[in-house]
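I have placed the structure first, in the form of structure tokens, so that the comments after it can refer back to it.
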Amino acid sequence: MAEACGAGREEAGSAAGTAAAVSPAAPAASSAAPAPATGEGRPCVLTASVKRREAWAFLGHRGQSVDDELASRLEEAAVLCERELAPRGVFRVFPVCATEGGIAVTGTNLVLPGESIARHLRGCAQAALMAVTLGPSSEMVLRREAAVSATGGMLADACASSLVEQAAGVLNGFVDEAAARRGCAPTWRFSPGYGDLPLSVQGPFLEALDAGRALGVTLTAANMLVPSKSITAIVGFRDPDLRGE
């Protein structure tokens, strides 16, 4: 049994092969829909900065000493990314329900298979699909830096990775606000490729967000995101009285 957020309680089906359940869409607590949060349904600019320690971690740094010249070059790369790259993102909230094939995102062609996402969305009547990117220009900037210097290219790549992660955190905050406006508690974000949720869901995921038009995000034949500094994720909205994972 799973419970709908801030509304009446109904029985939910089980995802195939799991004991996890997702609540069917619950009736709204009032006739008025909540005002959309920033980034909900419309792309927005995300104000974020490179987290230097995170950038070092992307480079494999584990606390060992770094010479002043390399530290200075990473700082230059971070400033460059913050100056030239403009993170943007968008999210949409959908009802979700369990089917034999996985968790169906109502109103889209997206079905999320696997036990991991079923557990993650247990007790959720709704979920937000979110996408964040540094934009097509980021590919040009990173290629340019790599052409000038292999080391500079690696430093810029690490800083760009940190920037998009920090931007995802900003959009995640807006998603959490949207959950609160619905009387729900958000889960942490879960991306395709985690657990047993396959990357093959990326196509219908981007389609549900119209991310190609909204953000310029597309896919390779191997279901990798383009631009490479892009992130997609799912955040469940559950009853705050239910214990999350």
Side-chain angles (χ1 to χ4, degrees), residues 14-18 20 22 39 43 46 48 54 57-60 85 87-122 124 126-139 142-143 154 157-158 160-172 175 186-237 245:
S14 296
T18 77
V22 175
L46 301 168
E54 184 176 48
F58 280 122
L59 290 165
L85 306 181
R88 298 172 70 237
V90 68
F91 74 93
R92 291 183 63 192
V93 180
F94 299 90
V96 293
C97 62
T99 69
E100 289 187 2
I103 306 305
V105 180
T106 305
T108 77
N109 295 319
L110 178 60
V111 177
L112 304 169
E115 297 182 1
S116 299
I117 192 64
R119 286 194 301 269
H120 186 71
L121 295 179
R122 181 184 291 122
C124 297
Q126 301 174 83
L129 306 184
M130 57 178 281
V132 177
T133 185
L134 298 188
S137 65
S138 64
E139 299 288 286
L142 295 177
R143 283 197 300 269
M154 288 190 296
D157 187 88
S161 293
S162 174
L163 184 61
V164 74
E165 285 288 347
Q166 294 304 306
V170 173
L171 187 64
N172 204 155
V175 171
T187 67
W188 48 273
R189 65 180 186 262
F190 192 107
S191 289
Y194 288 179
D196 59 358
L197 181 62
L199 289 176
S200 59
V201 303
Q202 294 279 39
F205 193 115
L206 296 181
E207 181 183 295
L209 289 174
D210 194 16
R213 182 188 63 81
L215 300 175
V217 177
T218 59
L219 286 177
T220 68
N223 293 309
M224 303 301 291
L225 297 171
V226 178
S228 60
K229 302 308 179 185
S230 302
I231 292 172
T232 56
I234 304 118
V235 177
F237 289 8
E245 293 193 323

Got a second to check how far [X]'s [atom1] is from [Y]'s [atom2], nearest 0.5 Å?
X: R88; Y: L171; atom1: CZ; atom2: CG; value: 11.5 Å
X: S138; Y: R143; atom1: OG; atom2: CZ; value: 9.0 Å
X: L142; Y: S228; atom1: CG; atom2: OG; value: 6.5 Å
X: S191; Y: Q202; atom1: OG; atom2: CD; value: 8.0 Å
X: R213; Y: L206; atom1: CZ; atom2: CG; value: 13.5 Å
X: L163; Y: K229; atom1: CG; atom2: NZ; value: 10.5 Å

- Query: Going by heavy atoms in the side chains, are P227 and L134 under 4.5 Å from each other?
  - Reply: no
- Message: Would you say that P186 contacts V175 through its side chain, given a criterion of any heavy-atom pair below 4.5 Å between the two side chains?
- Response: no
- Query: Going by the angle between their ring planes, with limits at 30° and 60°, are H120 and W188 parallel, tilted or perpendicular?
  - Reply: perpendicular
Taking only distance into account, with no hydrogens and no angle test, what donor-acceptor pairs under 3.5 Å do side-chain atoms of residues 106-114 form with protein atoms, sequence neighbours excluded?
residue	atom	partner	partner atom	Å
T106	OG1	P95	O	3.3
T108	OG1	V105	O	2.8
T108	OG1	L110	N	3.0
N109	ND2	E207	OE2	2.7

[X] to [Y] - nearest heavy-atom pair and separation:
X: A128; Y: F91; value: CB-CD1, 4.2 Å
X: F205; Y: A233; value: CZ-O, 3.2 Å
X: L215; Y: P43; value: CD2-CB, 4.0 Å
X: A160; Y: L85; value: CB-CD1, 4.2 Å
X: C124; Y: T187; value: SG-CG2, 4.1 Å
X: E165; Y: F58; value: CG-CZ, 4.0 Å

- Partner of N172 under side-chain contact (heavy atoms from CB on, under 4.5 Å), picked from V132, V235, I231, is V235
- Any residue meeting side chain to side chain contact (heavy atoms under 4.5 Å, CB included) with T218, in chain and number order, not counting sequence neighbours: V226
- Which residues share a side chain to side chain contact (heavy atoms under 4.5 Å, CB included) with A127, sequence neighbours left out: V96, L121, I234
- Using atom types as modelled and distance alone, determine if a side-chain donor or acceptor of R92 lies under 3.5 Å from a backbone N or O of A208. yes
- Message: Can a side-chain donor-acceptor contact be found between D196 and S116 if the only test is distance below 3.5 angstrom?
- Response: yes
